[in-house]
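Read the structure below first, then the notes.
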Amino acid sequence: MKRYIKFIKPYAPYFIFGPLMMLTEVFGEVWLPKLMSMIIDNGVANHDWQYILKIAAVMVGACLVMIIGGTLGNYFAVKASVCSSADLRKELFFKIQRFSFGDIDKFSTGSLVTRLTNDIQQIQQLIITMLKMALRSPAMLIGGCIMALSVNRSLAFILLIVIPLLGISIFVIMKMAYPRFERMQTALDNLNNGIQETLTNIRVVKSFVREDHEKDKFDALNGSMRDRTLDAMNVVIFIQPVMTFFMNAAAIAVVWFGGNQIIAGNMQVGELTAFITYVTQILMSLMMLAMVILQSSRAMASFKRIGDIIDFEPSITDEQSKNKDKKVEHGSIEFKHVYFAYDDGDDDPDNDTEILKDISFSVAPGETIGILGSTGCGKTSMVQLIPRLYDVTKGEVLVDGVNVKDYSIYNLREGVGMVLQYNSLFSGTVAENLRWGNENASDEEILKFSEYAQADSFVSTFPEKYDRMVEQGGSNLSGGQKQRLCIARALLKKPKILILDDSTSAVDTATEKRINEAFATELKDTTKLIISQRIGSVKNADRIIVMDDGCISDIGTHEELIKRSEVYKEIYYSQNEKEKEGRSA
């Protein structure tokens, strides 16, 4: 719990004064039954209306104080819980922003969303419950016991029997509830994952007419959530009947034994009324404690899940950086005997399957490098090591002769523009999306780099031009349009290294040719790495890296590779049937 202290400190006055204000209600609730008994036994019994009015005025004054104290107590409790939870949510979100791609792979998106929303909400509810009841309920329990003893000690044996039995019952229920709450939160993770996946890919679902399949999958996830929630709640619902049983049993016992004392002349009616009220308050205070424990039991699962994020140390940080002020100035790249494997999730990294094996090559500043190979051969994994989206398992990646680990993450990634294979756009205008590359970019710069990326040709057809609204994920744009906007966005960074990961796959060959011509003439000083499945996209590159099964098969120009690389020739002739037929002849 120490990790959460920093979220409480800024709002310490609310955490302190909230419970203190609630104590004014406790004081009134404990005092009022005594005053009522005085009215019954002294005022009513003696027909002393002046005494009755005097005590009644005191009771009204006590009620007013209770109203003020209760209102302030609730205000402070809400203020403390909402503000501290908002800070915790912000801290959690900022922590996730520091995660590397590998770190994000360890947590599903749905699980992260649940932790940022539902789990935080559970903690917020716990804080409110604690501030309202954690001090009030024990104070009422102690106060009620003291007042009950002051009224009639001989009836106190009933409390000595009821309170331990009730406490044991609540403890057993809570112990059974905790693991069920953990399973319920896990089911909520799975449900959020399923919903997000379906809604994100709704167009694919509809195009393949898979609505029934998705309905069945949702029914299974929703059913699991329902069953696990009921499993937890079925335990919790026993609290109310157990509490009611003990309260009624105690009330019957008090009336029975207290009534006999009244008949014997050892107790007055007002005292019996007050004692019954105190017994009810004592049991209600135990019920409030049970609610605190119940909320704590559910929140503990959320605390654990949030703690997993807060305590998680990002695998890629600036701690290893030896020159945090260093910036990418030229754009040279060198791989030295690089090996890479994705974390398979077990504790032994030696068991991870290697994706890249002994990769070594160098790229001069301003050079254009094509990267070609079959699907799954490690092309994307290799280029993601340059901006440290992942870190190498063994070997070194150098930019401008400096190990990428010696740069600050910000400076390194500022020098590298990357158009990912599955780049996304965000809700907002076209201009706002492009300014992700440079938030201070002028309209002239936006236009210039959009022309380089061949994006202006379709943006200019919109009535709103660059003020055209883009829906989430760019769903109101075609695949080729999204790719061109993503290229323009990367160009606005004016990076020294530009990585295009199959980023023109949805663009026609004529448009792709114009994009490559713009790169060759306008981005001469920018080092360009172009991953593609099509030889035509990399044919004119200064050199082409041919990859096969995580290794570099060959490096050379198109003319060199077509003569000596079997892998390259196989790809080339499979894409150019006429040339293949000429070769056979």
Side-chain angles (χ1 to χ4, degrees), residues 1 3-4 7 81 85 88-89 91-93 95-96 99 103-130 133-134 167-200 213-243 287-312 343-347:
M1 297 298 291
R3 65 169 75 95
Y4 299 104
F7 303 108
S81 63
S85 298
L88 176 58
R89 187 182 295 110
E91 174 85 5
L92 206 63
F93 183 79
K95 182 64 175 285
I96 293 171
F99 283 4
D103 298 333
I104 294 174
D105 293 341
K106 295 177 182 178
F107 298 93
S108 67
T109 304
S111 177
L112 292 175
V113 170
T114 303
R115 293 170 205 244
L116 284 165
T117 53
N118 185 268
D119 284 320
I120 297 287
Q121 185 67 25
Q122 295 303 322
I123 291 175
Q124 180 175 315
Q125 287 300 118
L126 175 63
I127 294 173
I128 292 178
T129 303
M130 291 286 287
M133 299 182 183
I168 293 171
S169 301
I170 292 173
F171 174 78
V172 171
I173 292 173
M174 292 300 100
K175 188 173 182 180
M176 294 172 62
Y178 177 73
R180 288 170 169 80
F181 282 130
E182 280 194 317
R183 291 194 289 270
M184 186 177 74
Q185 291 302 107
T186 301
L188 181 59
D189 281 350
N190 296 334
L191 181 62
N192 282 340
N193 274 329
I195 291 173
Q196 182 184 32
E197 183 178 49
T198 300
L199 295 181
T200 301
H213 170 76
E214 291 302 314
K215 288 177 182 176
D216 292 340
K217 186 171 74 172
F218 177 82
D219 282 343
L221 294 171
N222 195 39
S224 176
M225 179 67 190
R226 176 200 62 212
D227 294 341
R228 293 189 179 186
T229 301
L230 287 174
D231 187 35
M233 294 304 157
N234 284 339
V235 175
V236 173
I237 59 177
F238 278 106
I239 290 180
Q240 186 63 43
V242 167
M243 287 294 305
M287 187 170 183
M288 284 191 285
L289 280 175
M291 294 304 296
V292 171
I293 297 171
L294 170 62
Q295 192 67 44
S296 299
S297 179
R298 184 171 185 179
M300 282 303 108
S302 296
F303 271 118
K304 180 179 181 300
R305 288 156 51 81
I306 290 174
D308 289 342
I309 302 294
I310 292 177
D311 294 340
F312 186 84
D343 187 352
D344 290 342
D346 56 25
D347 295 330

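Residues: numbered from 1 along the sequence shown.
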Would you mind reporting whether [Y] and [X] have side-chain heavy atoms less than 4.5 Å apart?
X    : Y    : answer
S224 : N190 : no
R115 : D308 : yes
L116 : I96  : yes
L112 : I309 : yes

Got a second to check how far [X]'s [atom1] is from [Y]'s [atom2], nearest 0.5 Å?
X    : Y    : atom1 : atom2 : result
L88  : F93  : CG    : CZ    : 14.0 Å
I123 : S81  : CD1   : OG    : 12.0 Å
L92  : R89  : CG    : CZ    : 9.5 Å
R226 : L221 : CZ    : CG    : 12.0 Å
D119 : R305 : CG    : CZ    : 4.0 Å
I306 : E91  : CD1   : CD    : 11.5 Å

Subject >> Set of residues satisfying side chain to side chain donor-acceptor pair (under 3.5 Å) with respect to N118, sequence neighbours excluded >> reply: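 For N118, the residues satisfying side chain to side chain donor-acceptor pair (under 3.5 Å) (neighbours in sequence not counted) are Q185.
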
**OP:** Go through the structure and list residues passing side chain to side chain donor-acceptor pair (under 3.5 Å) with E214, not counting sequence neighbours.
**Re:**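 If we apply the side chain to side chain donor-acceptor pair (under 3.5 Å) test to E214, skipping adjacent residues, the hits are T198, K217.
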
Original post:
Is atom CE of M130 surrounded by more than 12 heavy atoms (other residues, nucleotides or ligands) closer than 6.0 Å?
Top reply: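 No.
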
What pairs with [X] under salt bridge (Lys or Arg N to Asp or Glu O under 4.0 Å), at least two apart in sequence or on another chain?
X    : result
D231 : R180, R183
R228 : none
K95  : none

Subject >> Closest approach of I120 to S85 (non-hydrogen atoms, all atoms of both residues) >> reply: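 Closest heavy-atom pair between I120 and S85: CG2-O, 3.8 Å.
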
**OP:** Report the residues that fulfil ring-ring contact (aromatic ring centres under 6.0 Å, His included) with F312, sequence neighbours left out, ordered by chain and then residue number.
**Re:**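 F312 satisfies ring-ring contact (aromatic ring centres under 6.0 Å, His included) with F99, F107 once adjacent residues are dropped.
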
